[in-house]
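It should be emphasised that the depicted structure is a prediction, and the values quoted were computed from it without experimental measurement. Numbered from 1 within each chain, the chains take letters A, B, ... in sequence-line order. Worth knowing before you read on, the calculation uses all heavy atoms, side chains too, and leaves out hydrogens, waters and symmetry mates.
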Amino acid sequence: MNDRLSKPYNPSETEGRIYKLWEESGYFSPDNAGNDTVDNFAILMPPTNANGSLHAGHSLVLTIEDVIVRYKRMAGHKTLWLPGLDHAGFETQVVYEKKLEKEGRSRFELKPDELYSEILNFTLENSKVIKSQIRSMGASCDWSREKFTLDKDIVEIVYSTFKRLSDDNLLYRGKKIVSWCPKHRTSFSDLEINDEERIDTLYYLKYGPFTIATARPETKFGDKYVVVHPSDNRYSKFKHGDKIELEWINGPITATVIKDDAIDMEFGTGAMTITPWHDVADFEIALRHNLEREQIIDESGRLLPVAGEFAGMKIAEARPKIVERLKEKGLLEKIDSDYKHVVRTCYKCGSIIEPQIRSQWFIKMKSLAQEALRKIQSMEVEFIPQHYEKISIHWLENIIDWNISRQIVWGIPIPAKICSLCGEGFVDLEDKITKCEKCGGNVEKDNDTFDTWFSSGQWPFASLGYPSGADFKEFYPTQVLETAGDIIFFWVTRMIMLGLYVTGKVPFKTVYLHGMVLDAKAQKMSKSKGNVINPLDLTAKFGTDALRMALIVGNTPGTSLALSEDKIKAYKHFANKIWNATRFVLSNTENFIYESNPTIVKRDDEILRAMSETLTDITSDMENFRFYMAGEKLYHYFWHTFADIIIEESKAVLSGGNEQEIKSRKWTLIEIEINMLKALHPFMPFITEEIWSFMPHQAKSKMLIAERWFENKKV
RNA sequence: GCGCGGUUAGCUCAGUUGGUAGAGCAUCUCAUUGACGUUGAGAGGGUCAGAGGUUCGAGUCCUCUAUCGCGCACCA
């Protein structure tokens, strides 16, 4: 018997060695798929944040996708799993800004191109780490096709889509109110905002003859419109457009009465003043009545000169002082300190979003969404679990225009010119435009970058080399997209829309969405709770195969998974079981010739039929994305049928049976061992490949990774 | 407010088209140096959140209620 097999299984000694053998074999590439493939199968790895390190979520993605890919490869498909790294625009910039902060530096002191190259170096350096960690999970992706979202060819495709959207009148430069984070000094799309319920103070302020309620007295300096509902009898003596002189925070002002249906008569006093520059609803009222808009708060969240002596203060600092002033002036009528409302915050830093009016690039989403809806409703793309279909439909039906401009340097620069006179923007891929095409004014380069999801939304066709690349022709559209359910709007629906728009095809047939990985108590992992599980600690302790099984079994699509060490330990025991059962099989079949047409006794025939049924069942689970079930059935069959019953029974057969029974049983043991190794390989690739190398030569022709999924043996 | 889920054994969860409630872990009893103690044999443990309905038959389908979670949209 092999020396290694005679000792306990040692994952840490085995895994690196096996992975190297796979990589050198070339089997990760569809180009070496062999001549017996049935058709093509492609899946793209969700581009991994190049500067992050492997967390539990990654280990789940990599495991599920590797299970799919290894199965499909063995089942005879020419299989491509394309690995990708993401520059992860804002995410990475935030990480880098924290690093700068620690060094006592600030992004705002650096020239944009210097900052860009610093982050690029940082990212490229860190990407080595994440790539080796992806390998450590056993991911059998084709590294020769690795793509990065900032690769030149990817950027070119992103640019041509931008141009095409503009040519098709689906892109516009809008001076609209956008969600703005004063800490990060960038705008966001509606998806990067969190809604937080808070208890705050509601101030009732005397505004001439009116009393208005506000939670944000610090924005009120420039308010010169008081708005009431047209049918509110309390204010019927005021007409739309009436001018009123009144004393306000910093002195007398002239206010104008506006009547608008948007006012809720039940709220507060039914009268409010508006701050169109910093509030979405106010902005819309101002738009309807063509009212003046004045900026009160600057881009870093400080009050502007309009605030008089409060100018330059941050909101949090200014508010109590302004309230004090209002009180002194007798303008503060009452305070409701138990006011429950929703505050919008930056999803990254929790800063309160200060809406700002800015010129940004927007994509008109309506028609793109309608095409996507049509394809989803006609089942051209299928969701697993199915209820995500409803969620997507709901979102697509209520879609709003997408702000793709970000005021950060780390990203793909927007290839456009902006007129410094009239603010109009022009897409300019060749850097040719020198004068505003509208007013003749001078133009400047757009300093903004794309929302990172604008480029990742094009990943399927971009990474495959649209429009003329060989891989695009061969593998697009792909078969499966596998990713986390919580990025369905950020990424999945946008890939469907942009894929359809650019290529006319939905980029994938099946969307498989997994849930979150939680800790053993089903709590969300977070640094502050200190319950973050590092998958690499787990693989070191229990072996990668054990972690993979723990991530797969009991994990139904779309639902989150509680990951406990006990569970992983159980699969480490399972690995041990496989190892020792193999030891039994091989030590009892030494020098036995594994023929192709053996004579099988009745009992073994029963055993083999039952195994075959189990494998047929498991194959059906694999085809239908029920990996949790396939994994559990394999575990169960191997342990409680093969080991507990068949092997136990074999001890008596091998010592007391007749020659034919012994021969038949030895053949049967090897046959089951071979089929189990194949069936387990997608789940537990390392130990099965290692054992495969010990199998008698006549039972195999190549590495297990390249073997064909079990055939229906006629027994 | 609108939408989407969950509620099944002590814990984490399965349960495919309706047909006698399952797994892993944990607990308890017994066995044994065997391929494996990272073991084997067995046991206990559930009004399937509640109520009503459809059905010969409901954990599964329908309605309502409770409760937990998530998403979206919101009025100062």
Side-chain angles (χ1 to χ4, degrees), chain A residues 1 5-6 8-9 190-191 193-195 202-205 212-217 219-220 223 226-229 262-275 279-282 285 339 341-342 344 385-395 397-400 485-486 488-489 515-516 518-522 524 542-543 546 549-550 553-556 558-588 617 620-621 624-626 628-629 631-633 635-636 639-640 643-645 647-648 650-651 669:
Chain A
M1 199 177 14
L5 189 59
S6 61
Y9 176 57
D190 50 317
L191 291 178
I193 307 301
N194 284 336
D195 289 345
L202 188 65
Y203 304 91
Y204 286 79
L205 308 179
I212 58 154
T214 181
R216 307 214 51 194
T219 64
K220 298 282 147 194
D223 288 10
V226 59
V227 190
V228 295
H229 197 277
I263 297 297
D264 178 358
M265 291 189 275
E266 307 290 311
F267 189 92
T269 59
M272 72 170 191
T273 61
I274 57 167
T275 314
D279 185 281
V280 177
D282 293 3
I285 292 171
Y339 171 54
H341 69 150
V342 172
R344 319 190 82 199
Q386 220 183 346
H387 75 263
Y388 273 102
E389 182 185 308
K390 291 186 198 166
I391 294 173
S392 307
I393 288 173
H394 187 256
W395 188 75
E397 282 175 342
N398 296 292
I399 201 157
I400 61 170
D486 52 7
I488 184 163
F489 306 140
M516 255 187 300
L518 308 173
D519 77 358
K521 292 176 195 150
K524 202 167 167 175
F542 302 106
M549 277 298 270
V553 176
N555 186 6
T556 43
T559 56
S560 47
L561 169 81
L563 186 63
S564 67
E565 289 213 357
D566 275 348
K567 188 175 180 187
I568 307 166
K569 195 166 78 185
Y571 293 108
K572 181 184 163 70
H573 295 175
F574 182 48
N576 178 66
K577 195 74 185 176
I578 297 170
W579 191 257
N580 284 298
T582 304
R583 225 148 90 172
F584 177 87
V585 171
L586 294 190
S587 63
N588 282 288
D617 204 17
S620 151
D621 289 334
N624 292 292
F625 299 92
R626 294 189 296 255
Y628 61 101
M629 209 166 251
E632 188 177 320
K633 283 174 185 165
Y635 174 89
H636 217 255
W639 200 312
H640 300 298
D644 289 349
I645 297 172
I647 286 182
E648 286 306 318
S650 298
K651 290 172 186 169
L669 288 172

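RNA chain B forms stems at B:1-7 with B:66-72, B:10-13 with B:22-25, B:27-31 with B:39-43, B:49-53 with B:61-65, each a run of 3 or more consecutive Watson-Crick or G-U wobble pairs whose two key distances fall under 3.5 Å.
For B:A41, the base has no donor-acceptor partner in the side chain of A:Glu648 [N/O atoms by modelled type, under 3.5 angstrom]. Evaluation of atom-type donor-acceptor distances gives a pair under 3.5 Å for the side chain of A:Lys577 against the base of B:C36.
One interatomic measurement links the two molecules: OH of A:Tyr628 to C1' of B:U12, which rounds to 16 Å at whole-angstrom precision. Taking atom CE of A:Met629 as the reference point, atom P of B:G15 lies 5 Å away to the nearest angstrom. One interatomic measurement links the two molecules: CZ of A:Phe584 to P of B:A35, which rounds to 6 Å at whole-angstrom precision. The CG-C1' distance, from A:Leu518 to B:G69, rounds to 11 Å in whole Å. The nearest whole Å value for the distance from the CD atom in A:Glu565 to the C1' atom in B:U12 is 15 Å. The separation between A:Asp621 atom CG and B:A14 atom C1' is 12 Å, rounded to whole Å. If you take CG of A:Asp486 and P of B:G5, they are 18 Å apart, rounded to a whole angstrom.
Using a 4.0 Å heavy-atom criterion, one finds that A:Ile263 contacts the bases of the nucleic acid, with or without backbone contacts as well. Here A:Tyr571 lies out of heavy-atom contact (under 4.0 Å) with every strand. The residue A:Ala643 sits close to a base: some heavy atom pair falls under 4.0 Å. The residue A:Arg626 sits close to a base: some heavy atom pair falls under 4.0 Å. Among the atoms of the strands shown, only primed sugar atoms or phosphate atoms (P, OP1, OP2) are found under 4.0 Å from some heavy atom of A:Thr559. The residue A:Thr556 sits close only to the backbone: its heavy atoms come under 4.0 Å of sugar-phosphate atoms, none of a base. Within the 4.0 angstrom heavy-atom criterion, only backbone atoms of the sugar-phosphate kind lie near A:Asp644; the bases stay farther away.
Pairing each heavy atom of A:Phe584 with each of A:Leu669, the nearest pair is CE2-CD1, 4.2 Å.
Applying the salt bridge (Lys or Arg N to Asp or Glu O under 4.0 Å) rule to A:Arg626 yields the partners A:Asp621; only residues at least two apart in sequence or on another chain are considered. For A:Asp223, the salt bridge (Lys or Arg N to Asp or Glu O under 4.0 Å) partners are A:Lys220, not counting sequence neighbours. Applying the side chain to side chain contact (heavy atoms under 4.5 Å, CB included) test to A:Val226 and every residue at least two apart in sequence or in another chain returns A:Tyr207, A:Phe210, A:Ile212, A:Val257, A:Ala271, A:Thr273. Here A:Asp195 pairs with A:Arg344 under the salt bridge (Lys or Arg N to Asp or Glu O under 4.0 Å) rule; sequence neighbours left out. Residues passing the side chain to side chain contact (heavy atoms under 4.5 Å, CB included) test with A:Ser392 are A:Ile376, A:Phe383, A:Ile488, A:Thr493, sequence neighbours excluded.
Not one side-chain nitrogen or oxygen of A:Ser564 sits closer than 4.0 Å to the OP1 or OP2 atom of B:U12. Within the structure, a side-chain polar atom (N or O) of A:Trp639 is placed less than 4.0 Å from OP1 or OP2 of B:G40. One finds no side-chain N or O of A:His573 lying less than 4.0 angstrom from the OP1 or OP2 phosphate oxygen of B:C36. The phosphate of B:G24 has OP1 or OP2 within less than 4.0 Å of a side-chain N or O from A:His640. The side chain of A:Lys390 contributes an N or O atom lying less than 4.0 Å from OP1 or OP2 of B:G5.
Proximity of a side-chain donor or acceptor of A:Asn576 to a complementary backbone N or O of A:Lys572 within less than 3.5 Å is not detected.
Heavy atoms of other residues, nucleotides or ligands lying less than 6.0 angstrom from CD of A:Glu266 number 12 at most.
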